[in-house]
Every structure is written in structure tokens, then in C-alpha cells.
Colleague: 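Would you mind keeping the following structure in view while I ask a few things?
No experiment lies behind these values; they were computed from the predicted model shown.
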Amino acid sequence: MDFNSPPSMDFNSPPSSLQDNGFSMVPTDALGTSKEEMERLKEEPEMWKKRVEEAAKVEVDLLVSKASADREDARAEKKLTELKEQEEQRKDSIIIFERELFLLNRENAELKEEIEKLKEDLEEYNSQDNLVKEFEIKKKVAEMKLKFTHLEDMKDDWADMDTHCVFGAATKIPFRLNQNQALLTFEDEEVAQRLTKMGKHSVNLDNRTANVGVRPFELEMGFQFELHVTVSGKKINVSKIPELPIPKDWMRDKLELNFYKTEQGGGGEIENVTYNKESGTAVITFLKPGASNNFLGCTKYPFYAEGRCFKLSVSPNFDFHFRNFQPYCGVSKKTILLKGIPEVEEDEESVQDMIEIHFQKPSNGGGEIEKIKYISKGAAYVCFEEDTGNATVEITGNS
């Protein structure tokens with residue numbers, strides 16, 4: 001073989017495969033197939049990538065759905081817990097309500113029993129002959145003065161010619177003045193207020209200086225009211241009727257006849273006579289309005305019976321009733337209370353004069369004194385009147 005000349009080529013024989021460094025050469029038709037495969041292989045990663053993305057998206061959706069479901073479960077569980085708590089509270093409320101209802105029913109039953117008992121007591125009370133129809137408020141009060149205010153025009157009673165008077169009244173308020181104390185009432189309210197603010201005062205008593213305290217004080221509650229008095233124009237009261245050995249009806253007839261006679265100052269025709277034999281009294285009611293005026297100023301009236309002449313006591317017929325009854329708190333702005341007055345050898349009156357002299361001087365902050373009361377031993381009650389600062393001793397003595 002000649003290495004310098006090229007090998008001879010046989011163009012009629014089929015090509016043979018070649019190998020070089022591990023590479024294999026294939027025919028042309030085979031190469032076309034591998035290109036399609038290559039294209040397919042190139043597209044396959046993109047496909048898998050999309051599938052992975054879709055799978056990831058599905059996974060995310062599943063996680064979101066799971067989280068949402070967990071939240072819904074939590075809400076449902078919380079709501080269920082709340083409903084259970086509300087149910088327990090409702091049960092507790094029902095128990096409490098049933099207990100209260102039981103107590104109310106029991107109380108209602110007790111009240112019904114009490115009402116029945118009160119009805120029985122009321123029936124028994126009404127069945128008594130000596131029944132007192134009006135309620136009374138009883139309270140011991142100091143003596144008071146009635147102040148006439150006006151005559152009241154009562155149009156409904158014009159036919160009876162009654163006289164209606166109105167009086168104003170207020171109870172006096174007592175204050176207990178204890179040992180070694182004094183009350184001073186000044187003419188000027190400002191003096192009392194000024195001395196009270198000073199608190200303590202040095203007073204010369206029997207050549208010695210005593211430090212006494214000035215204190216405000218509280219009064220008890222008082223009462224004020226209006227007293228309405230109706231003087232009947234048709235009725236009179238008769239008393240001191242003698243007890244005679246005649247029937248009650250005969251005595252009533254004699255009284256009617258006696259007070260009917262106009263010639264001896266009677267009131268004319270009589271409508272009614274109410275006679276009480278036990279008390280020796282009677283109420284005469286005349287038919288003519290204003291007939292009782294014939295007996296004004298007449299305190300004695302002749303009464304003829306059993307061949308004798310008796311003198312009966314005659315008085316107007318009054319009807320009393322209260323209105324505008326109100327409690328009130330009394331305050332005396334012109335009065336001061338002295339406490340801590342020492343005991344001295346001087347008598348009570350002399351010590352009182354010393355106190356009065358001291359508190360009358362303007363240099364001591366004082367002024368003109370209207371009333372003063374000093375107690376060296378025991379106690380006294382000092383009464384205050386409405387709308388005045390005056391103190392007047394009503395009851396004195398040891399207590």
C-alpha cells in the first residue's frame with residue numbers, strides 16, 4: 001500500500017459507519033428523527049415546570065383552604081363555648097327567677113293573710129259603740145298663741161250663715177339649758193353671729209377672768225298649722241241641764257219648747273235637739289239660718305221645768321279642724337349659747353348680770369341684749385317662738 005497516494009474510493013458501495021473518539025455517526029434519516037426528539041426534550045422541562053407551578057399553586061390553595069377551615073373551626077368552637085356559657089347563665093337566671101318567684105308568692109300569701117286579719121280587725125273595730133272616727137296625732141307641746149289671720153268666705157254654707165275663722169299657730173320649741181350654761185338673745189342678729197365666730201370670750205366674774213365658749217345650738221322640730229273654726233249659724237251648745245225625774249224624751253221636748261219661744265229671746269222653730277242625759281248637755285239646731293245669733297253674748301238662759309226656773313249655760317257651736325299641718329326646723333340666729341361658765345361664790349342673778357354687762361359692751365364685740373338666762377344648778381327649758389329670736393323660760397327646775 002502506498003501511503004503517499006490517496007486511497008481509492010468506491011462510489012458504488014454503500015457508506016459505512018464511522019467512529020471517532022467515541023462519537024458515532026448515523027445516517028441522514030436518523031438525524032432527522034433525533035432533532036424532533038431534541039425539540040420534544042427541550043419542551044418537556046417547560047411542561048414539567050408548568051406542572052410544578054400548578055402543583056405548587058394547588059398546594060397553596062390547599063393550605064389556604066386548610067387555614068380557613070381551621071379558623072372556621074376555631075370560630076365555631078368559640079361560638080359553641082359562648083352558647084354553652086349563655087345556656088349556663090340562662091339556667092342560673094331561671095333558678096334565681098324561680099327562687100324569687102317562690103319568695104314573692106310566699107310574701108304575697110303572707111300579705112293576703114295579713115289583709116284578711118286587718119279586715120277582721122277593722123270589722124271588729126267598726127262594731128264598737130264608742131268608735132273614734134278621726135285619727136289623732138298626740139304630742140305634748142308648750143303653750144302657744146293663736147293668731148287670727150282672716151275670715152273665710154264659704155259660698156257653700158251661705159244658707160246656714162256660718163262664720164268661718166282662720167287662725168295661724170306654731171308650737172314653741174323647747175331647748176334644755178344645762179348647768180353652768182347661759183342663753184343670750186341680742187336685738188341685732190349680726191352681733192350674735194359675730195360672737196359665735198369668735199368662739200371664746202374672757203369674761204370677768206367675781207374678780208376673776210373666765211374663758212367661756214360661745215357655741216351654736218340646734219333646736220328640735222316644731223309644728224305650724226292653720227286652725228279653721230266654724231261658728232254655726234243654726235246651732236248652739238247647752239250645758240248644765242238639771243237631772244230631773246222625767247223621761248229622756250220629755251226633757252228633749254221641754255228643751256225644744258223652751259228655746260223655741262221668741263218672746264224670751266229664743267231662736268224660733270227648731271229642726272233638731274240632741275240631748276245627752278249623762279253629761280247634762282244638748283245641741284239645739286234651729287230651722288232658720290242665723291238663729292244662733294240671737295244668743296250672742298248670752299251665757300245664761302232661763303229654763304222652766306217642774307215648776308222651777310233653772311239657768312242653763314249657752315255657748316256657740318264650734319267646729320274645729322286643722323289644715324296645712326307642717327313640721328319645721330327652728331333656728332335662732334339672734335341667740336348664742338355660753339358653755340363652761342365656772343362656779344363662783346356670787347348668786348345666780350349676780351353672775352347673770354355680770355355676763356349681761358360683758359356682752360352688752362361693743363368693745364367686747366357685743367350689743368343690746370333682749371333676753372338672757374343663766375343656770376348655775378340643775379337645768380331649765382327655754383322655749384323659742386316662731387319668727388322671733390326671743391327666748392322665754394317656760395319651765396324651770398332641776399332635772
Colleague: How about Phe303 and Lys254: do any of their side-chain heavy atoms sit closer than 4.5 Å?
Modeller: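 Phe303 vs Lys254: side chains touch.
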Colleague: Find the distance between CZ (Arg215) and NZ (Lys339) and round it off to the nearest 0.5 Å.
Modeller: 7.0 Å
Colleague: Taking all atoms of both residues into account, what is the closest heavy-atom pair of Gly233 and Asp162, and its distance?
Modeller: N-OD1, 2.7 Å
Colleague: Would you give the length of the straight line joining atom CD of Glu88 to atom CG of Asp92, rounded to the nearest 0.5 angstrom?
Modeller: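 The distance works out to 6.5 Å.
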Colleague: Should we count CD of Glu271 as having more than 12 external heavy atoms under 6.0 Å?
Modeller: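 Enclosed: over 12 neighbouring heavy atoms sit under 6.0 Å from CD of Glu271.
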Colleague: Could you walk me through whether Lys57 and Asp61 pass salt bridge (charged side-chain N to carboxylate O under 4.0 Å, His left out), step by step?
Modeller: CA-CA 6 Å; Lys57 186 177 180 181; Asp61 292 341; 5.6 Å; no
Colleague: Below 4.5 Å, heavy atoms only, C-beta onward: do Cys165 and Thr163 meet side chain to side chain?
Modeller: yes
Colleague: Counting only N and O atoms by type, is there a donor-acceptor contact under 3.5 Å from the side chain of Gln193 to the main-chain atoms of Lys333?
Modeller: yes
Colleague: What is the distance from atom CG of Leu184 to atom CG of Leu195, rounded to the nearest 0.5 Å?
Modeller: 8.5 Å
Colleague: May I have the step-by-step check of side-chain contact (heavy atoms from CB on, under 4.5 Å) for Leu338 and Ile336, ending in yes or no?
Modeller: CA-CA 7 Å; Leu338 300 182; Ile336 63 173; 4.1 Å; yes
Colleague: Using every non-hydrogen atom in the two residues, find where Asn364 and His358 come nearest and quote the distance to one decimal.
Modeller: ND2-O, 3.0 Å
Colleague: State plainly whether one hydrophobic cluster holds both Leu287 and Ile270, where clusters connect Ile, Leu, Val, Met, Phe, Trp and Tyr through side-chain heavy atoms under 4.5 angstrom apart.
Modeller: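 Different clusters: Leu287 never reaches Ile270 through Ile, Leu, Val, Met, Phe, Trp or Tyr contacts under 4.5 Å.
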Colleague: Carefully, step by step, assess Lys49 and Glu46 under the rule salt bridge (charged side-chain N to carboxylate O under 4.0 Å, His left out).
Modeller: CA-CA 5 Å; Lys49 183 178 180 181; Glu46 293 296 328; 5.1 Å; no
Colleague: Taking all non-hydrogen atoms of both residues into account, name the closest pair between Pro302 and Lys311 and its distance.
Modeller: CB-NZ, 4.3 Å
Colleague: Near Lys300 NZ, under 6.0 Å, is it more than 12 heavy atoms from other residues, nucleotides or ligands?
Modeller: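 More than 12 within 6.0 Å, yes.
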Colleague: Is there a side-chain contact (heavy atoms from CB on, under 4.5 Å) between Tyr381 and Leu177? Walk through the geometry before answering.
Modeller: CA-CA 6 Å; Tyr381 282 93; Leu177 188 63; over 6 Å; no
Colleague: To check you understand the geometry: which heavy-atom pair defines the closest contact between Gly365 and Val191, and what is its length?
Modeller: O-CG1, 3.8 Å
Colleague: Using 0.5 Å steps for rounding, measure from the CD atom of Gln89 to the CD atom of Glu82.
Modeller: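 Interatomic distance, Gln89 CD to Glu82 CD, rounded to 0.5 Å: 10.5 Å.
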Colleague: What residues, two or more places apart in sequence or in another chain, satisfy salt bridge (charged side-chain N to carboxylate O under 4.0 Å, His left out) together with Asp249?
Modeller: Arg252
Colleague: Do Trp250 and Leu244 have side chains that approach each other closer than 4.5 Å (heavy atoms only, starting at C-beta)?
Modeller: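 No - every pair of side-chain heavy atoms lies 4.5 Å or more apart.
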Colleague: Are any non-hydrogen side-chain atoms of Ile372 and Gln352 less than 4.5 angstrom apart?
Modeller: yes
Colleague: Step through the shown structure and confirm whether more than 12 heavy atoms of other residues, nucleotides or ligands are within 6.0 Å of CD on Glu243.
Modeller: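 Atom CD in Glu243 is not packed in, count stays at 12 or less.
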Colleague: Considering non-hydrogen atoms only, spot the tightest contact between Asn237 and Pro316 and give its length.
Modeller: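 Of all heavy-atom pairs spanning Asn237 and Pro316, the closest is ND2-O, 3.2 Å.
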Colleague: Using the rule that two of Ile, Leu, Val, Met, Phe, Trp, Tyr join whenever any of their side-chain heavy atoms come within less than 4.5 Å, decide whether Val283 and Met251 are in one cluster.
Modeller: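 Not linked; separate clusters.
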Colleague: Hey, what do you get for CD (Gln179) to OG (Ser376), rounding to the nearest 0.5 Å?
Modeller: 7.0 Å
Colleague: Can Glu53 and Lys50 be said to form a salt bridge (charged side-chain N to carboxylate O under 4.0 Å, His left out), step by step?
Modeller: CA-CA 5 Å; Glu53 290 177 354; Lys50 289 181 180 179; over 6 Å; no
Colleague: How far does OH of Tyr260 sit from CD of Glu269, to the nearest 0.5 angstrom?
Modeller: 6.5 Å
Colleague: Tell me whether Asn276 contacts the main-chain N or O of Ala282 through its side chain, where contact means a donor paired with an acceptor under 3.5 Å.
Modeller: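 Side chain of Asn276 to backbone of Ala282, a donor-acceptor pair under 3.5 Å: no, none is there.
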Colleague: Would a single hydrophobic cluster contain both Met198 and Phe186, if residues Ile, Leu, Val, Met, Phe, Trp and Tyr are joined by side-chain heavy-atom contacts under 4.5 Å?
Modeller: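 Linked within one cluster.
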Colleague: Show me the pairs that pass side chain to side chain donor-acceptor pair (under 3.5 Å) and involve residues 99-118, at least two apart or across chains.
Modeller: Lys117-Asp121
Colleague: Does the side-chain contact (heavy atoms from CB on, under 4.5 Å) test come out yes or no for Met354 and Asn204, once each step is laid out?
Modeller: CA-CA 7 Å; Met354 296 177 191; Asn204 292 323; over 6 Å; no
Colleague: Should we say atom CZ of Phe320 is surrounded by more than 12 heavy atoms from elsewhere, each under 6.0 Å from it?
Modeller: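 Result for CZ/Phe320: enclosed.
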Colleague: Side chains of Val203 and Phe359: does their closest heavy-atom pair fall under 4.5 Å?
Modeller: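 They are in contact (side-chain heavy atoms under 4.5 Å apart), so the answer is yes.
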Colleague: Please confirm whether the backbone N or O of Ala379 pairs with a side-chain atom of Arg176, one donor and one acceptor, at under 3.5 Å?
Modeller: no
Colleague: Parallel, tilted or perpendicular, judged at 30° and 60°: which one describes the rings of Tyr301 and Phe259?
Modeller: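 Parallel.
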Colleague: What is the minimum heavy-atom distance between Tyr374 and Pro342, and which atoms define it?
Modeller: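 Minimum heavy-atom contact is OH-O, 4.4 Å.
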Colleague: Assess the residue pair Asn272 and Thr274 against the criterion (side-chain hydrogen bond (donor to acceptor under 3.5 Å, both in side chains)); give the C-alpha distance rounded to whole Å, side-chain angles, the decisive distance to 0.1 Å, and a yes or no.
Modeller: CA-CA 7 Å; Asn272 183 48; Thr274 303; 3.3 Å; yes
Colleague: May I ask you to test the Ile236-Phe286 pair for a side-chain heavy-atom distance under 4.5 Å?
Modeller: yes
Colleague: Are more than 12 heavy atoms, taken from residues, nucleotides or ligands other than Glu77, located less than 6.0 Å from that residue's CD atom?
Modeller: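 Counting other residues, nucleotides and ligands, CD of Glu77 stays at 12 neighbours or fewer.
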Colleague: Does any non-hydrogen side-chain atom of Ile375 lie less than 4.5 Å from one of Gln181?
Modeller: no
Colleague: Would Val214 end up clustered with Ile357 when hydrophobic side chains under 4.5 Å apart are linked, directly or stepwise?
Modeller: no
Colleague: Would you indicate whether the side-chain heavy atoms of Lys371 and Lys334 approach each other to under 4.5 Å?
Modeller: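 The answer is no; the side chains never approach within 4.5 Å.
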Colleague: State plainly whether one hydrophobic cluster holds both Leu255 and Ile246, where clusters connect Ile, Leu, Val, Met, Phe, Trp and Tyr through side-chain heavy atoms under 4.5 angstrom apart.
Modeller: yes
Colleague: Which residues pass the side-chain hydrogen bond (donor to acceptor under 3.5 Å, both in side chains) test with Glu190, not counting sequence neighbours?
Modeller: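 With neighbours one apart ignored, the set is empty.
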